[in-house]
Amino acid sequence: MDRLWAMQVFVRVVECGSFSRAAESLDIANATVTSSVRNLETYLGVTLLSRNTRSLRLTDEGEGYFEQCTRLLRQIEETEASVRQKKGEISGQLCIESPAAFARALLCPALPAFTAQHPGLSVALRLTDHAEDLIASGTDIAIRIDSVNDADLVARPLYQAHYVACASPGFLARLETPSHPQELDPQCCLGIFGPGRYAVSNWSFQRGVENHTLTPRGSLHFNSTDALIEAALADQGYIYVLDVFVNGLISRGALVELFPGWGTSSRSFYTVTPKARFVAPRTRAFIDFILATLDAQRRPPADASIVLRQGRRGLV
């Protein structure tokens, strides 16, 4: 029995909360995971996991063994990483998860330069608007917006984005370009709505003591930022989106920003990694690269608070 591998499998089962999810994250058969943990228990002469068809929990012996295994595996990772760093080598596969719109606007254009800097590195990017369990999915680093739903994750400030109102030159050519938010016709404003509802979000603008709020009432509304931007590029109306998604389009003249002197609400983007794991050099390299790529002036302060939603992953 490869005891080190058996430890890794055991730790992954505990982290994932199930044998099947551990097998999926390790890309091995369920039976291999089951036999590995069973052989480890036989070798140690103790029961590490109490399990039935519906639940899984650590025994007292398993609790202590899990802590020791986690510490040992982290030390091994750190030792291997130290050796590779001395050779100047960053290699292996880096698995990234990101909201689709953020990935398309920022990560996808930037990743070729990142992989060119590290020829031994392979990057796998998953675009999704449904956050998954990082450990169970084998994800090294994820991009999150405003909040995380797991107390076992470490969030680091990445970028602070502000909403901008904008429209295409073709659309503005048909109307007089508004100089004040009050001049926006709600019937020409395209909205976006969140999951589980069709009520569009309001637009808000602030300047000094002035405050203006608008509810979009145009003919098109979406639950996708990408779709909203495509509609604007097709001369369908005004939109109100985070600058991070349209900075490039505005700089190229494909969209025109309205009311640059007005303040709007903001949202913060964070990089997220599992708390219990050693942060590998390839993960650190990616964080450094994406921070350098983004506009540092709009990065939230290092002590910015992040909302932790109720509920955390655990053994079920």
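Taking a 6.0 Å sphere around CG of Asp2, one finds it holds more than 12 heavy atoms contributed by other residues, nucleotides or ligands. Atom CD of Glu61 has more than 12 neighbouring heavy atoms from other residues, nucleotides or ligands inside a 6.0 Å radius.
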Exercise for the section: Determine, step by step, whether Leu121 and Phe286 satisfy the side chain to side chain contact (heavy atoms under 4.5 Å, CB included) criterion, reporting the C-alpha distance in whole Å, the side-chain angles of both residues, the deciding distance to 0.1 Å, and the verdict. Expected result: CA-CA 11 Å; Leu121 189 63; Phe286 172 74; over 6 Å; no

Handout entry: Derivation and outcome, side chain to side chain contact (heavy atoms under 4.5 Å, CB included), residues Leu4 and Leu73
Key = CA-CA 8 Å; Leu4 183 60; Leu73 293 173; 3.6 Å; yes

Exercise for the section: Carefully, step by step, assess Leu106 and Tyr159 under the rule side chain to side chain contact (heavy atoms under 4.5 Å, CB included). Expected result: CA-CA 11 Å; Leu106 292 170; Tyr159 187 92; 5.6 Å; no

Practice task
Verify side chain to side chain contact (heavy atoms under 4.5 Å, CB included) between Phe245 and Phe102, making sure each step is shown before the conclusion.
Solution key: CA-CA 7 Å; Phe245 302 133; Phe102 186 89; 4.0 Å; yes

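At least one side-chain heavy atom of Cys188 sits under 4.5 Å from a side-chain heavy atom of Phe171. Between Val37 and Phe19, the closest side-chain pair of non-hydrogen atoms falls below 4.5 Å.
Under the 3.5 Å distance criterion, the side-chain polar atoms of Arg174 are matched with a main-chain donor or acceptor of Asp235. A donor-acceptor pair under 3.5 Å links the side-chain atoms of Arg197 to the main chain of Ala199, judged by distance alone. Arg126 places no side-chain N or O within donor-acceptor distance of the main-chain N or O of Cys95, the cut-off being under 3.5 Å. Without hydrogens or angle criteria, Asp129 side chain to Ala100 main chain gives a donor-acceptor distance under 3.5 Å. Checking side-chain atoms of Asp146 against main-chain N and O of Ser268 turns up a donor-acceptor pair under 3.5 Å. The backbone N or O of Leu48 sits less than 3.5 Å from a side-chain atom of Thr59, completing a donor-acceptor pair. Side-chain atoms of Ser36 do not come within 3.5 Å of backbone N or O of Thr32 as any donor-acceptor pair. Side chain of Glu257 to backbone of Val246: no donor-acceptor contact under 3.5 angstrom is found. Of the possible polar contacts, one joining the His221 side chain to the Gly191 backbone as a donor-acceptor pair under 3.5 Å is found.
For the pair Glu63 and Arg57, the salt-bridge criterion is not met [side-chain N within less than 4.0 Å of a carboxylate O].
Here the closest heavy-atom approach between residue Arg282 and residue Phe114 is recorded as O-CZ, 4.2 Å. A pairwise comparison of heavy atoms in Gln187 and Arg217 identifies OE1-O, 3.1 Å as the closest pair. The minimum heavy-atom distance linking Thr47 with Leu49 is given by the pair CG2-O, 3.3 Å. When every heavy atom of Ile28 is checked against every heavy atom of Val33, the shortest pair comes out as CD1-CG2, 3.5 Å. For the pair Pro169 and Ala254, the tightest heavy-atom approach, listed with the atom from each and the gap, is CD-O, 3.2 Å. Summarising the geometry of Leu125 relative to Ser98, their closest heavy-atom pair is CD1-CB, 4.2 Å, with the distance given to 0.1 Å.
With hydrophobic clusters built from ILVMFWY side chains whose heavy atoms lie under 4.5 angstrom apart, Val200 does not share a cluster with Leu242. Hydrophobic clustering, with ILVMFWY side chains joined whenever heavy atoms are under 4.5 angstrom apart, keeps Tyr238 apart from Phe193.
The ring of Tyr240 has its center no closer than 6.0 angstrom to the ring center of Phe259.
Between atom CD1 of residue Ile141 and atom OG1 of residue Thr271 there is a gap of 4.5 Å, rounded to the nearest 0.5 Å.
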